[in-house]
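Taking it in order: structure first as structure tokens, then the write-up.
Chain identifiers are assigned alphabetically (A, B, ...) following the order of the sequence lines, protein sequences preceding nucleic acid strands; residue numbering begins at 1 within each chain. Since the structure is predicted, the reported quantities are computational estimates derived from the model, not experimental observations.
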2 protein chains.
Amino acid sequence: MHSNPILSGDPFLAEAIAEAETGHAEGGIPIGSVLVHQGRIIGRGHNRRVQRGSAILHGEMDALENGGRLPASVYTQSILYTTLSPCAMCTGAILLYRIPHVIVGENITFMGEEELLRSRGVRVDVLQDARCIEMMKQFISENPTLWNEDIGV
Amino acid sequence: MHSNPILSGDPFLAEAIAEAETGHAEGGIPIGSVLVHQGRIIGRGHNRRVQRGSAILHGEMDALENGGRLPASVYTQSILYTTLSPCAMCTGAILLYRIPHVIVGENITFMGEEELLRSRGVRVDVLQDARCIEMMKQFISENPTLWNEDIGV
């Protein structure tokens with residue numbers, strides 16, 4: 001059972017990391033995400049910029065998309081896990097659907113819009129998970145141009 | 001030629017409206033968008049919640065997605081047209097890609113995150129186009145539940 005969502009050994013973070021690893025194995029950017037509702041994963045995904053030539057399928061967006069059309073009441077009782085601090089676009093999606101809690105693998109390699117989320121009442125926990133940090137550090141050092149494209153730089 | 005982008009008879013707004021009408025004819029939510037770079041449409045789209053069972057394909061997101069992977073320098077020289085004031089998600093995408101100028105058909109039926117955009121330096125022009133207003137008024141009155149789902153309510 002899922003007892004404490006902010007432990008670094010969190011099984012849902014492990015699922016988000018598994019998504020990131022799947023993306024990396026596909027030749028993509030290693031960022032993954034899961035949407036959790038009442039202890040159950042209802043959407044999961046990973047960055048698909050490379051795989052689908054996508055400008056919008058960041059990991060969090062892909063998890064939301066794969067979750068399908070859901071009533072507002074589901075989002076407002078859910079937790080979004082992501083291996084990396086959410087960018088402005090993913091932050092906006094979290095705000096649109098009023099997801100109240102975001103658990104972030106790390107924000108060392110990229111600092112997203114955590115302050116905006118908090119200013120709107122979203123709880124943001126950052127785990128600084130060593131595996132997430134290492135995964136992105138290695139990816140960015142090997143693929144700086146692709147990484148910059150993904151964050152609009 | 002495209003001489004003054006903030007005239008209500010703007011041909012690019014007309015293209016965004018055409019996208020909205022296409023979406024409506026497909027049974028979808030009538031919101032459309034075009035991304036314009038140096039006087040040329042490089043991405044166009046419409047809301048596909050109904051058509052694709054999508055939680056993320058708002059009109060603006062669809063236009064960005066259909067524009068494909070682009071260098072940061074293209075976005076930062078582009079104008080995004082949308083028939084309706086952009087929600088938090090679409091606002092976040094605009095901020096991610098640092099699109100400097102957004103032209104909005106109307107914000108009477110829905111007020112999006114225009115203030116957030118302006119606070120980050122984005123120019124936002126709202127045309128209050130009668131056709132855009134009427135299109136959304138009619139849609140919302142006929143489909144209140146679907147509309148609420150689209151804006152996370």
Between [X] and [Y], what is the shortest heavy-atom contact and its length?
X        : Y        : result
B:Gly45  : B:Asp62  : CA-OD2, 3.1 Å
A:Arg118 : A:Val124 : NH2-O, 3.0 Å
B:Cys132 : B:Gly105 : SG-CA, 3.9 Å
B:Leu96  : A:Ala88  : N-CB, 3.9 Å
B:Val122 : B:Leu95  : CG2-CD2, 4.0 Å

Please determine whether residues [X] and [Y] belong to a single hydrophobic cluster, defined as Ile, Leu, Val, Met, Phe, Trp and Tyr linked transitively by side-chain heavy-atom distances below 4.5 Å.
X        : Y        : answer
A:Val74  : A:Ile94  : yes
A:Leu13  : A:Ile103 : yes
B:Ile108 : B:Val126 : no
B:Met89  : B:Val34  : no
B:Tyr81  : B:Val102 : no

Side-chain contact test, heavy atoms from C-beta onward, threshold under 4.5 Å: evaluate it for B:Phe12 versus B:Ile79 and give yes or no.
no
So, do B:Ile31 and B:His46 sit near enough that their side-chain heavy atoms are less than 4.5 Å apart?
no
Interatomic distance, [X] atom [atom1] to [Y] atom [atom2] [nearest 0.5 angstrom]:
X        : Y       : atom1 : atom2 : answer
B:Leu70  : B:Tyr75 : CG    : OH    : 4.0 Å
B:Glu60  : B:Thr82 : CD    : OG1   : 3.5 Å
B:Ile99  : B:Cys90 : CD1   : SG    : 10.0 Å
B:Ile151 : B:Cys87 : CD1   : SG    : 9.5 Å

Side chain [X], main chain [Y], donor-acceptor under 3.5 Å:
X        : Y        : value
A:Ser33  : A:Ala63  : no
B:Asn66  : B:Arg44  : yes
A:Gln128 : A:Asn107 : yes

Contact part of B:Asp150 toward chain A, heavy-atom cut-off under 4.5 Å: side chain, backbone, both or neither?
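Backbone only.
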Is it the backbone or the side chain of B:Arg98 that comes under 4.5 Å from a heavy atom of chain A, or both, or neither?
side chain
Select all residues of residues 133-147 of chain B having any heavy atom within less than 4.5 Å of some heavy atom of chain A, and report them by number, or 'none'.
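Result: B:Leu146.
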Residue, of B:Gly152, B:Ser73, B:Ala72, that accumulates the most heavy atom pairs under 4.5 Å with chain A
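Looking at each of B:Gly152, B:Ser73, B:Ala72 in turn, B:Gly152 comes out on top.
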Proximity breakdown for A:Arg49 and chain B, heavy-atom pairs closer than 4.5 Å:
both
For chain B, which residues from [range] have at least one heavy atom closer than 4.5 Å to it?
range                       : answer
residues 15-26 of chain A   : none
residues 50-58 of chain A   : A:Val50, A:Gly53, A:Ser54, A:Ala55, A:Ile56, A:Leu57, A:His58
residues 109-117 of chain A : A:Glu113, A:Leu116

Do you know which of A:Arg120, A:Glu65, A:Glu149 has the most heavy-atom pairs with chain B at a distance under 4.5 angstrom?
A:Glu65
